[in-house]
Amino acid sequence: MLRTHTCGQLRKEHVGTEVTLCGWVENKRDHGGAVFIDLRDRYGLTQVVIGPPEAEQASIDAAGHVSAESVIKVVGVVANRLEGKTNDKLATGEIEVRCPKLEILNACQTPPFTPNQPDLPGEDLRLKYRFLDLRRQEMQRAMVLRSQVIKIMRDYFAEHDFIDVETPILGRSTPEGARDYLVPSRVHPGDFYALPQSPQLYKQILMVAGFDRYVQVAKCFRDEDLRADRQPEFTQLDLEMSFVDADDIMGLIDGLVAKTAQQVLGKEVTLPLPRMTYEEAMRRFGHDAPDLRFDMEIVDITEVAKKTEFRVFRGTADAGNFVRGLRAVGAAEKYSRRQIDELTEFVKEFGAKGLAWFRVEENGTLWSPVAKNFDEEHLAEIKSLMGGEPGDLLMFLADTWDVTCKGLYALRKRLGKELELYGDDDLHCSWVTEFPMFERDEESGRWVAMHHPFTAPLESDLEKLQAEPENCHAQAYDLVINGSEAGGGTIRIHDQEIQSQVFDLMGIDEATAEDRFGFLLNALRYGAPPHGGIALGVDRWVMLFAGLENIREVIAFPKTQKASDMMTQAPGEVDTDQLTELHLRTLAKKQ
RNA sequence: GGCGCGGUAGCUCAAUUGGUUAGAGCCCCGGACUGUCGAUCCGGAGGUUGCGGGUUCGAGUCCCGUCCGCGUCGCCA
């Protein structure tokens, strides 16, 4: 080792010992007659002093010219800092290392930014110089946390008799689901591999193979547009079990959630985690991944709306649509007319035509720009349904079920944040279950699987499968942490007859099914045990447990919104020769 | 693909209604200084205002196009 200690290690008890430290020059303070250097590595910061009596003036002058972020090595003696000169902001602040000189292992060019400067540079620059950005304390903390979370997961599943099996990265494209990343085959002209969107089919086959409990930390790829919490390549903790039902899977993951919260945050989570059905989630929160860190549930006032003279409400209700709203406790004084106009514009982004709002006055009556359209009796009824108290703001959307869900979900999310209805440290984990089996594809009008085509329906819904597929629910479950989908899974179909019916409903005929999933269907004929599983979004877990709002902050080398890598410049052009070898020719060329 | 925000010195930002030579702090370079820890003090360097076009006597500022970054809708079994 080039060093005897790390930069976070030395304390008063080391005073008098000779040590060798290596690290980066975080900062230097040059006094001419002595130079102070803050030496940094991933463990901490130690003050190094180059000064008399042990250092000669030439060494002091040289130390004064060392550039920031250079890698240096120092040999020196640990000393107490002078009386009253300790630094209680540093773990090593009681001591310093007195050195005759410093050895520059690698001088640093003037960096475009320094890791721990007060103003964080723009994200594009951080990503271009990710090696500098990753030196920042926050980034190091996030990467350590990520490593811890993955270790907790691996240990937990190892303790539960899971077997870690790797599945291929080069697979076959299946048209369902997200857009595939494709890899051209050299030896099969015109054919392509697809990168896995998840190891779904392989893990089911591993169950057929009798592995019983499979787990993998799996890299997955989806060629869809990015979001703050979505990257084109991401990591799943993927698992599958045989001879289980949905309760078994959720119970298992409950234990992991509790263990992670305990070990990472020192928080006790009450088990079992609360569960609600998809329908309940949509009714109460307008979304399948509700943020339960705060209340503010959606209330349906359609029945009252029918009785009013307010055309927007009544017309909507009479047309069979819905009037639903939110009660923002004590928000009346926090939102001016102008700010409410802004909220109106906000909900319009989600298809709403407007936002009807009421303020609960001190005397308990409702005031609203549209109040004249309402009888007092109906206003009182609305207030009562909403549980309005003086100072509250009541806001309503009158629209289709879908638009009220989307608009009120977004509005609730925004209000929760702006009104600070939850704390930075709050953690709320829950399950959403019984998702619909199918949803209508807007373009083709066909039924498509909401999760994937191998998802088993609820036993109790089996008889509805043919006649009313829209009312058929799946043995599916999503893990929700702080309003974010942190994992999802299903119990799979192991019955040939039901599988055929599902394909049939989705308009996939036997030949097509055989062509796309033949290998799985084939495997299922050779003694497939009942099985099910789940995949957890590792990046999101880390993001949520770290209290961060952006997934790029927990990925060492993330991609930008246009899926490029600012550091390596990927994706990039390739030689024509490479294309020829792959039997490819590009249609588009950038100008 | 749609909508919104942003791009000015190496970095973070400022620049009145379109008006003088585009400023500040940090960084960098040179000098001074033995107790700093955002060291301090003196001096200096540093600009294709993302790019292209247009309007104008005059554009960082207004208009059009384009590139890049971020957020979001669509999309994400």
Side-chain angles (χ1 to χ4, degrees), chain A residues 26-38 45-53 55 57 60-61 64-65 67-69 79 81-90 92-93 96 98 109-129 132 174-180 197-198 200-201 220-232 234 345-346 348-351 406-407 410 413-414 435 437-439 441-443 447-455 474 476 485 488 490 506 517 535 537 549-550 552 559-562 564 566 590-591:
Chain A
E26 164 100 358
N27 193 17
K28 68 163 190 269
R29 294 170 292 280
D30 181 1
H31 288 247
V35 176
F36 300 87
I37 287 171
D38 293 330
L45 219 59
T46 299
Q47 174 163 287
V48 171
V49 187
I50 317 286
Q57 192 58 47
I60 298 169
D61 291 344
H65 283 93
S67 51
E69 296 303 311
R81 293 207 185 181
L82 298 184
E83 188 84 27
K85 301 292 182 185
T86 57
N87 183 348
D88 54 17
K89 279 183 264 178
L90 288 183
T92 61
E96 61 196 13
R98 308 196 57 96
Q109 294 182 39
T110 303
F113 64 93
T114 48
N116 293 311
Q117 70 185 41
D119 293 306
L120 200 59
E123 197 173 355
D124 42 355
L125 199 74
R126 290 176 55 204
L127 291 174
K128 181 173 178 187
Y129 294 92
L132 295 179
T174 51
E176 266 69 29
R179 194 175 294 114
D180 281 322
Q197 297 179 24
S198 82
Q200 184 60 41
L201 303 179
C220 304
F221 306 85
R222 294 178 190 177
D223 188 4
E224 297 292 346
D225 286 346
L226 285 73
R227 287 289 184 279
D229 62 352
R230 228 160 69 186
Q231 281 275 305
F234 60 101
E345 289 308 308
F346 176 69
K348 282 181 181 171
E349 289 173 38
F350 304 92
K406 283 181 176 152
K413 190 169 165 179
R414 175 167 170 171
F435 282 72
M437 279 288 285
F438 308 100
E439 54 191 350
D441 182 58
E442 295 291 328
E443 285 164 32
W447 293 111
V448 294
M450 195 154 173
H451 197 81
H452 62 68
F454 311 106
T455 301
E485 182 191 334
T490 63
M506 293 172 51
F517 315 110
E549 290 184 346
N550 194 301
R552 295 185 299 275
K559 304 262 188 300
T560 67
Q561 200 168 67
K562 295 196 76 178
S564 45
M566 300 289 282
K590 56 184 161 186
Q591 60 281 57

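Note: hydrogens, waters and symmetry copies are ignored here, and every other heavy atom, side chains too, is used. None of the values given here were measured: they were computed from a predicted structure.
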For A:Gln47 and A:Asn87, what are the C-alpha separation, side-chain angles and deciding distance, and is it a side chain to side chain donor-acceptor pair (under 3.5 Å)? CA-CA 10 Å; A:Gln47 174 163 287; A:Asn87 183 348; over 6 Å; no
Assign [X] to base, sugar-phosphate, or nothing according to its heavy-atom contacts below 4.0 angstrom with the strands shown.
| X | result |
| --- | --- |
| A:Leu125 | sugar-phosphate |
| A:Glu96 | base |
| A:Asp223 | nothing |
| A:Leu120 | sugar-phosphate |
| A:Phe350 | sugar-phosphate |
| A:Pro52 | base |
| A:Gly122 | sugar-phosphate |
| A:Gln200 | base |
| A:Arg552 | sugar-phosphate |
| A:Thr114 | nothing |
| A:Asn550 | sugar-phosphate |
| A:Ser564 | sugar-phosphate |

Under 3.5 Å, is there an N or O donor on one side and an acceptor on the other linking the side chain of [X] and the base of [N]?
| X | N | value |
| --- | --- | --- |
| A:Glu349 | B:G4 | no |
| A:Gln47 | B:U36 | yes |
| A:Arg179 | B:G74 | no |
| A:Asp124 | B:G7 | no |
| A:Arg29 | B:G38 | no |
| A:Arg222 | B:C76 | no |
| A:Arg81 | B:C37 | yes |

Are A:Asp229 and A:Glu485 side-chain neighbours, meaning at least one heavy-atom pair lies under 4.5 Å? no
The side chain of [X] is closest to which nucleotide in this list: [options]?
| X | options | value |
| --- | --- | --- |
| A:Lys85 | B:C75, B:U72, B:G35 | B:G35 |
| A:Asp225 | B:U12, B:G1, B:C70 | B:G1 |
| A:Glu224 | B:G69, B:G1, B:C76 | B:C76 |
| A:Ala34 | B:U34, B:G74, B:C33 | B:U34 |
| A:Glu123 | B:U36, B:C70, B:U72 | B:C70 |
| A:Thr110 | B:C73, B:C27, B:G35 | B:C27 |
| A:Phe36 | B:G35, B:U72, B:C11 | B:G35 |

Between [N] and [M], how far apart are the two [atom1] atoms, rounded to whole Å?
| N | M | atom1 | answer |
| --- | --- | --- | --- |
| B:G10 | B:G50 | P | 13 Å |
| B:G7 | B:U49 | C1' | 10 Å |
| B:A45 | B:G31 | C1' | 15 Å |
| B:G25 | B:G44 | P | 13 Å |
| B:C11 | B:U72 | C1' | 29 Å |
| B:U20 | B:U16 | C1' | 15 Å |
| B:C29 | B:C70 | P | 32 Å |
| B:U8 | B:U61 | P | 13 Å |

Answer yes when A:Glu123 and A:Arg552 have at least one side-chain N-carboxylate O distance shorter than 4.0 Å, and no when they do not. yes
Under the 5.5 Å and 30° test, is A:Phe113 stacked on the base of B:C11? no
According to the Watson-Crick and G-U wobble definitions, with both distances under 3.5 Å, which nucleotide is paired to B:C29?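 Looking at the geometry, B:C29 pairs with B:G43.
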